[in-house]
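Since the model is a prediction, treat every value here as computed from it, not as a measurement. Atoms within a ligand are numbered from 1 in the order they appear, just like the ligands themselves.
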Amino acid sequence: MENATSPARLVIVISGRGSNMLSIADACRDRTINATVDAVISNNPEAEGLQLAADRNIKTHVLDHRKFSSRYAFDRALGQLLQHLSPDWVVLAGFMRILSTELVNSWQGRMLNIHPSLLPRYPGLDTHARALAAGDRQHGASVHIVTPELDAGPIIAQSVVPVLPDDTKDSLAARVLAQEHELYVRAIGLCIQDGCHALQFTSVKRVET
Ligand code: GRF
C-alpha cells in the first residue's frame, strides 16, 4: 500500500466518455491528490476516454467484452489484468458492466465507483429521468465502495444539487456531472489518506437559478 511519500497507484476502468477519468488524471498530474493513474482499461474499444488517456501518456488496455465467450470469461480476463497491474485502488468511472461476485470480492474495500444519484435512491440506469419523474427537489452523485450488489456498497461521499423547475434530464445530468468531477477526486483523496474506513461526507452544492 501507499505511504506518505509514494503516490497511490490507481487503475481506472471506463466504458465511454471518460470525463471522470480525466478529472482524476488531472488531479494526479496537478498533485491535488497523491496518486498516479497507472492505466486505463476499457471494455469498449470505441470509448472516447481511451484517446483522452493516451493523449496524456496513460497506458491503455482494451478488453472488448464482445470478444469473450461468456461474462465469466470476460471477468476472468479483467481480474487477471488487474492482478497483473496490481494497483492500490481500482476506480470504476462510467464502467457499464456488472462484475461477478468473485472479481468484486478480490478487490473489496479497494474498488470504488461513482454513481449519478443520491444512493440508495436510483441504483441502476436512467437516474436523472427517474429523479425528474419522481418530482425530487434534490439529486446528485455518490461515490461508494463496490460490493457484489449493484450500486449498494458503503457510501463514501455524496454531492447534492438542486433540481430546477425547468430541468430536462440533460440539464440535470450536466449539473450532476460537474459535481461528480470534484466529488470523485475528493473521495479518492480521502481514501488514499484514511484508507476509506467509515469515511463519509456530504458536500451540498447550490446552483444559481
Ligand atoms: C457518470 O455520470 C458516472 O456517474 C456514471 O457514468 C457516467 C460516466 O461519465 N457511472 P464519464 O464517462 O466519466 O464522462
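- Between the CG atom in Leu172 and the CG atom in Asp167 there is a gap of 5.0 Å [rounded to 0.5 Å].
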**Request:** For side-chain hydrogen bond (donor to acceptor under 3.5 Å, both in side chains), just list the numbers for Asn44 and Ser15, CA-CA rounded to whole Å, side-chain angles, deciding distance to a tenth of an Å, and then say yes or no.
**Result:** CA-CA 5 Å; Asn44 170 17; Ser15 293; over 6 Å; no
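- For Gly49, the heavy-atom gap to ligand 1 stays at 4.0 angstrom or more.
- A side-chain hydrogen bond (donor to acceptor under 3.5 Å, both in side chains) with His181 is found for one member of Ser159, Ser23, Ser19 and no other, namely Ser19.
- Ile114 and Ile12 fall within the same hydrophobic cluster, defined by Ile, Leu, Val, Met, Phe, Trp and Tyr side-chain heavy atoms under 4.5 Å apart, directly or through other members.
- Within 6.0 Å of CD1 on Ile98 lie no more than 12 heavy atoms contributed by other residues, nucleotides or ligands.
- Contacts with ligand 1 closer than 4.0 Å are made by no heavy atom of Met96, backbone or side chain.
- Looking from atom 9 (O) of ligand 1 to the surrounding protein, the closest heavy atom is Arg17 NH2, 3.0 Å.
- Looking at atom 5 (C) of ligand 1, its nearest protein heavy atom turns out to be Pro116 CD, 3.8 Å.
- In terms of the ring-ring contact (aromatic ring centres under 6.0 Å, His included) criterion, residue partners of His139 (sequence neighbours excluded) are, by chain and number, His128.
- Remark: ligand 1 and Asn20 share an N or O pair separated by less than 3.5 Å (distance only, no angle test).
- Residue Gln108 qualifies as enclosed at atom CD: its count of foreign heavy atoms under 6.0 Å is above 12.
- Polar contact with ligand 1: present for Gly18 (N/O pair, distance under 3.5 Å).
- From the protein, the heavy atom lying nearest to atom 1 (C) of ligand 1 is Glu180 OE1, 3.1 Å.
- With Ser42, Gly94, Ser19, Ala47 as candidates, the residue nearest to atom 14 (O) of ligand 1 on a non-hydrogen basis is Ser19.
- Checking only distances, Ile114 does come within under 3.5 Å of ligand 1, N or O to N or O.
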